[in-house]
Amino acid sequence: MNVRFQFDDVKTALVIVGTILFFYTYYYLAHSRVIERFFKRIAPGDASDINLFLFRKFAGFFLLGVVPGIIYFWLMEASGEKFGITISHLASSYILIAVLILFTAIVLFFHHRRNPERSTLQFNMEEWNLSMFMLNVLGWSFYLVAYEFLFRGILLFECYDAMGFWPAVAINVSLYSAIHMVNGRDQALGALIFGTVACYFALIRETLLIPVFMHLSLSILSDFYSIRKRQSLKIISGNQLNSQNK
């Protein structure tokens with residue numbers, strides 16, 4: 001068998017392998033015991049969980065977004081539009097985005113209603129105020145923009161250019177579901193469905209922003225329902241919150 005090496009094929013292979021390597025680097029750094037002990041030592045209690053959450057989200061923004069962006073944009077001389085970073089098709093997608101967000105909200109509502117003990121919160125507090133919830137939203141926003149840029153931007157569009165629509169979707173969804181296996185069967189299966197829908201609309205509408213909005217609504221609404229099922233969302237003063245952390 002004669003093996004022929006072409007630059008475009010090698011580039012696509014590097015993108016596929018690089019996606020997993022970037023994610024593994026982020027995951028094992030952000031979830032290392034050393035990092036956890038460090039934050040618990042410098043700020044015990046709720047502050048430790050909050051600081052660790054923010055570190056993980058901003059580390060994800062850097063390792064899943066900034067670093068791959070530098071490599072693929074500068075070294076491979078790619079454009080943002082090639083990876084779906086465009087608003088030119090967004091005007092025709094407002095209704096679709098609204099429908100997807102509404103559908104996500106309805107599904108999550110009934111899911112949390114059937115599973116009242118389920119929680120997606122990554123830092124737990126006895127009481128939440130509006131500032132803490134917005135901090136939670138900020139962390140997720142930075143992380144998920146980078147996450148979607150890597151998976152539904154670089155990986156998906158590169159595979160689409162090289163192999164076509166359904167092979168690109170299959171590769172993307174397979175990797176996306178596989179990395180969710182550590183979170184249990186439900187998330188792995190859910191990632192298959194969510195990933196397929198996200199890839200489909202990203203490609204047919206030629207914009208990364210649709211899966212970004214989908215993923216943001218999924219994570220933020222899931223956290224909101226997790227808070228509501230534990231207790232009513234209480235607005236407390238910053239002084240009260242600080243006093244609990246001492």
Side-chain angles (χ1 to χ4, degrees), residues 8-28 30-31 60-61 63-65 68-69 71-72 78 80-86 89-90 93 96-97 99-108 111 118 120 140-141 143-222:
D8 288 342
D9 293 340
V10 173
K11 183 177 67 172
T12 303
L14 289 175
V15 167
I16 296 172
V17 175
T19 298
I20 292 300
L21 291 179
F22 281 123
F23 183 80
Y24 282 170
T25 301
Y26 154 73
Y27 184 85
Y28 288 112
H31 294 83
F61 177 76
L63 293 174
L64 303 181
I71 292 175
Y72 294 124
E81 188 172 355
K82 171 180 171 60
F83 296 129
I85 304 177
T86 173
H89 301 279
L90 189 60
S93 302
L96 173 62
I97 291 172
V99 170
L100 290 171
I101 292 175
L102 178 61
F103 179 76
T104 299
I106 293 172
V107 170
L108 287 174
H111 182 69
R118 180 179 184 271
T120 59
W140 275 119
S141 298
Y143 173 74
L144 290 176
V145 166
Y147 188 98
E148 288 298 327
F149 168 66
L150 180 61
F151 276 88
R152 247 73 68 171
I154 294 174
L155 176 63
L156 179 63
F157 281 88
E158 177 64 31
C159 290
Y160 171 70
D161 287 343
M163 292 174 279
F165 189 95
W166 289 115
V169 173
I171 290 173
N172 197 282
V173 171
S174 297
L175 295 180
Y176 180 63
S177 178
I179 64 175
H180 280 79
M181 291 179 65
V182 296
N183 298 320
R185 182 186 60 187
D186 289 346
Q187 282 206 28
L189 294 176
L192 285 174
I193 300 172
F194 177 87
T196 301
V197 174
C199 290
Y200 178 82
F201 285 116
L203 289 177
I204 66 170
R205 294 300 177 97
E206 301 179 27
T207 177
L208 173 63
L209 295 179
I210 292 177
V212 168
F213 282 115
M214 287 177 60
H215 213 156
L216 282 171
S217 65
L218 177 69
S219 296
I220 294 171
L221 287 171
S222 186

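What you are looking at is a predicted structure, and each value in this text was computed from that prediction instead of being measured. All residue numbers refer to positions in the sequence shown, counting from 1.
- The line from CE of M181 to CG of L189 is 9.5 Å long, rounded to the nearest 0.5 Å.
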Please output the side-chain donor-acceptor pairs of residues 191-205 that fall under 3.5 Å, not counting sequence neighbours, one pair per line with the distance.
unit_1	atom_1	unit_2	atom_2	d
T196	OG1	L192	O	2.7
R205	NH1	S92	O	3.0
R205	NH1	S93	OG	3.1

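- Applying the side chain to side chain donor-acceptor pair (under 3.5 Å) test to pairs two or more places apart or on separate chains, those with a residue in residues 158-169 are T12-E158, K82-E158, K82-D161.
- Considering CG of L155 and CD1 of I16, their distance stands at 6.5 Å, rounded to 0.5 Å.
- Two residues are said to be in side-chain contact when any heavy atoms from C-beta on lie closer than 4.5 Å; L156 and L208 fail this criterion.
- The CZ atom of F157 lies 11.5 Å from the CZ atom of F149; values are rounded to the nearest 0.5 Å.
- Two residues are said to be in side-chain contact when any heavy atoms from C-beta on lie closer than 4.5 Å; L144 and V212 fail this criterion.
- In this structure, NE2 on H215 lies 10.5 Å from OG1 on T104, to the nearest 0.5 angstrom.
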| For Y143 and L64, what are the C-alpha separation, side-chain angles and deciding distance, and is it a side-chain contact (heavy atoms from CB on, under 4.5 Å)? | CA-CA 8 Å; Y143 173 74; L64 303 181; 3.8 Å; yes
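- A side chain to side chain contact (heavy atoms under 4.5 Å, CB included) with S217 is found for one member of L100, I97, I101, L108 and no other, namely I101.
- In this structure, W140 and L216 approach most closely via the heavy-atom pair O-CD2, 4.0 Å.
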| task | For the pair T19 and N172, evaluate side-chain contact (heavy atoms from CB on, under 4.5 Å) and give the outcome as yes or no after the intermediate values. | result | CA-CA 10 Å; T19 298; N172 197 282; over 6 Å; no
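- Residues Y27 and V182 approach most closely at OH-CG2, 3.9 Å, considering heavy atoms.
- Here the CD atom belonging to Q187 is positioned 10.5 Å from the CD1 atom belonging to I179, to the nearest 0.5 angstrom.
- You'll find the side chain of M163 reaches within 4.5 Å of the side chain of I171, heavy atoms only.
- Interatomic distance, CD1 of I220 versus OG1 of T120, reported as 11.0 Å (0.5 Å rounding).
- Geometrically, R152 engages Y176 in a cation-pi contact defined by less than 6.0 Å to the ring centre and at most 45° from the axis.
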| query | Given the rule in the side-chain contact (heavy atoms from CB on, under 4.5 Å) test, do V15 and C159 qualify, once you have shown the distances and angles that lead to the verdict? | reply | CA-CA 8 Å; V15 167; C159 290; 5.7 Å; no
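- Between Y147 and F151, the angle of the ring planes stays under 30°, which puts this pair in the parallel group of the 30/60° scheme.
- L63 places none of its side-chain heavy atoms less than 4.5 Å from the side chain of F22.
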